[in-house]
Amino acid sequence: MSRAFVKEDSGERWTPPTAPAQYRIVLPTDHGPEVLRETDDLLIALQRLQAGLEVRDRQGILIARG
């Protein structure tokens with residue numbers, strides 16, 4: 001196997017990064033938002049929304065606040 005497809009430290013095959021999800025459930029903190037969950041389904045994001053959390057899109061624009 002070519003070394004180009006092996007991670008140096010663990011010996012595992014390289015996998016491409018996944019595409020970023022459309023929506024994120026975030027916890028706003030003093031140090032910046034902490035992403036708790038990502039999803040491409042807005043309904044799932046809104047159903048998981050709890051008090052103190054926010055749903056933001058991929059660009060960080062606020063969609064809903066719990």
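What you see is a predicted model, and the numbers here were worked out from it, not measured in a lab. Heavy-atom basis, side chains included; hydrogens, waters and symmetry copies ignored.
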Query raised in the report: What are the two closest non-hydrogen atoms of Gly52 and Pro28, and how far apart are they?
Result: O-CD, 3.3 Å
Query raised in the report: Can you find a pair of side-chain heavy atoms, one from Leu46 and one from Val55, that are under 4.5 Å apart?
Result: yes
Query raised in the report: Would a hydrophobic clustering, with Ile, Leu, Val, Met, Phe, Trp and Tyr connected at side-chain separations under 4.5 Å, put Ile44 with Ile63?
Result: no
Requested in this report: Identify the two heavy atoms, one from Pro33 and one from Val26, that lie closest to each other, and give their separation to 0.1 Å.
Outcome: CB-CB, 4.2 Å
Requested in this report: Just grab all the side-chain hydrogen bond (donor to acceptor under 3.5 Å, both in side chains) pairs involving residues 31-45, residues at least two apart or on different chains.
Outcome: Arg24-Glu38
Requested in this report: Find the distance between CG (Asp57) and CG (Leu42) and round it off to the nearest 0.5 Å.
Outcome: 10.0 Å
Query raised in the report: Does a sphere of radius 6.0 Å around CZ in Arg65 hold more than 12 heavy atoms from other residues, nucleotides or ligands, not counting ones at 6.0 Å or beyond?
Result: no
**Report entry** Spatial distance of atom CG (Leu27) from atom CD (Glu54) [nearest 0.5 Å]
**Finding:** 8.5 Å
Query raised in the report: Between CG of Leu49 and OH of Tyr23, what distance do you get to the nearest 0.5 Å?
Result: 14.0 Å
